[in-house]
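Because the structure is predicted, anything quoted here is derived from the model rather than measured. All ligand and atom numbering here is 1-based and tracks the order in the structure.
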Amino acid sequence: MTELKGRWALVTGATSGFGMAVARALAAQGCHVAITGRRADRLQALGREIRDRHSVESVSLTFDVRDPTQVRAILGGATELLSRLDVLVNNAGLALALDPIQSGDTADWDQMIDTNVKGLLYVTRTVLPGMVERRQGHVVNVGSIAGHQVYGGGAVYCATKFAVRAISDGLRYDVLGTGVRVSNVEPGLAETEFSEVRFKGNRARAGSVYDGMTPLRPEDVAEAVVWCLTRPPHVNVQSVMILPTDQASAYAVHRRKA
Ligand code: NDP
Ligand code: 8X3
């Protein structure tokens, strides 16, 4: 078993959903957490809660993962933190719209690719050298069932999650022999702010995604992340796909009639 107590973890996208649940779950294990996102007020509130409830340290870093200058200055500038990090959870991400390519909005595509793929890479590039140097660390990337199965209107989002899977697989080759572990946690339908973001604030449409079925809770995904992180050092969980019982694939969801 790998102990998380007293270690330091960085969780991107901790202002909501999975990232917030992962930060709380890590803190509950006695792990110190650095939490990131663009919404500073939420980071501050979560940091306070974590410190008060779990007596661990917490650092908030507010930056946009899409902006390499911000990542370099704010995360790269946190040298003391970088020298201690044992865990990186690359979770920040989003889907925008469900449009076919022929009518898709290129700004949506840019934002998904820049956040889910390039942002993940920028953060990893900043954190990983220290882990490799210390010959210890664990990178958990949040992929998706959308990294295995493509659905209509989701081509670009799914492409970003296929990319996350490819990056996790490639990274495992790159760090082979260094002791650094890489896991891809791949959830199915989960109720967070994800659908509200995807449908740009349309709560009714967002809610209908989960009509008649029981989605995953953020805590279910956080437990999977903690499980990967706490395996013994010689065990690398390459991937965990975690779906609701009401979901068999990206295409098959059981919905109870109202
Ligand atoms: P939420 O919308 O609840 O959370 C997304 C998080 O990402 C927020 O904390 C947000 O912070 C952060 N984020 C988004 N864009 C940026 C950015 N440019 N810079 C920094 N942070 C950013 O969604 P989830 O918790 O559901 O999503 C987390 C991850 O899980 C994503 O990668 C998503 O693709 C993936 N996923 C989600 C599933 C689901 O059904 N919910 C299923 C499978 C995977 P802020 O806005 O403050 O910047
Ligand atoms: C999010 C799950 O099915 O909406 O990655 O693509 S899905």
Give the numbers and elements of all ligand 1 atoms closer than 4.0 Å to a heavy atom of [X].
X	result
Ala14	9 (O)
Val142	29 (C), 30 (O), 35 (C)
Asp64	17 (C), 18 (N), 19 (N)
Gly17	3 (O), 25 (O)

Item to check | Over-ring placement of Arg125 relative to Tyr122, 6.0 Å and 45° cut-offs | outcome: no
Among all the protein's non-hydrogen atoms, which is closest to [atom], and how far away is it?
atom	result
atom 9 (O) of ligand 1	Thr15 OG1, 2.7 Å
atom 5 (C) of ligand 1	Gly93 O, 3.6 Å
atom 3 (O) of ligand 1	Ser16 OG, 2.5 Å
atom 14 (C) of ligand 1	Arg38 NH2, 3.5 Å
atom 24 (P) of ligand 1	Thr192 OG1, 3.4 Å
atom 22 (C) of ligand 1	Ala92 CB, 3.8 Å
atom 29 (C) of ligand 1	Asn91 O, 3.1 Å
atom 7 (S) of ligand 2	Tyr151 OH, 3.6 Å
atom 43 (C) of ligand 1	Pro187 O, 3.3 Å
atom 2 (C) of ligand 2	Ser144 OG, 3.7 Å

Side chain, backbone, both or neither: which part of [X] comes within less than 4.0 Å of ligand 1 when only heavy atoms are counted?
X	result
Pro215	neither
Lys161	side chain
Tyr157	side chain

Checklist entry - What atoms in ligand 2 come closer than 4.0 Å to a heavy atom of Ala146? => result 6 (O)
Checklist entry - Counting each atom of ligand 2 from 1 as listed, which ones have a heavy atom of Phe194 under 4.0 Å away? => result 1 (C), 4 (O)
Checklist entry - Looking just at side-chain N and O atoms, do Arg42 and Ser60 make a donor-acceptor pair shorter than 3.5 Å? => result no
For residues [X] and [Y], report the shortest heavy-atom separation together with the two atoms involved.
X	Y	result
Met213	His254	CB-O, 3.3 Å
Val33	Leu26	CG1-CB, 3.9 Å
Asp108	Ala97	OD2-CB, 3.8 Å
Val237	Arg231	CG2-CG, 3.6 Å
Val150	Ala155	CG1-CA, 4.3 Å

Polar proximity ligand 1 side, [X] side, N/O cut 3.5 Å exclusive:
X	answer
Gly19	no
Phe18	yes
Ser144	no
Gly13	yes
Ala190	yes

Using heavy atoms and a 4.0 Å limit, tell me yes or no: is [X] in contact with ligand 1?
X	value
Gly143	yes
Gly188	yes
Gly119	no

Checklist entry - Should the proximity of Arg198 to ligand 2, defined as any heavy atom under 4.0 Å, be assigned to the side chain, the backbone, both, or neither? => result side chain
Taking the side chain as C-beta and beyond, is there a heavy-atom pair between [X] and [Y] under 4.5 Å?
X	Y	answer
Leu171	Leu128	yes
Ile74	Thr62	no
Val65	Leu120	no

Item to check | Salt-bridge present (Glu186, Lys161; N to O < 4.0 Å) | outcome: no
Next on the checklist: Less than 4.0 angstrom from a charged side-chain N to a carboxylate O is my criterion; do Asp110 and Arg66 meet it?
Outcome noted: no
Atom [atom1] of [X]: over 12 foreign heavy atoms under 6.0 Å:
X	atom1	answer
Arg39	CZ	yes
Tyr251	OH	yes
Glu193	CD	yes

Next on the checklist: If hydrophobic residues (ILVMFWY) are linked whenever their side-chain heavy atoms come closer than 4.5 Å, directly or via other members, who joins Leu243 in its cluster?
Outcome noted: Ile145, Met241
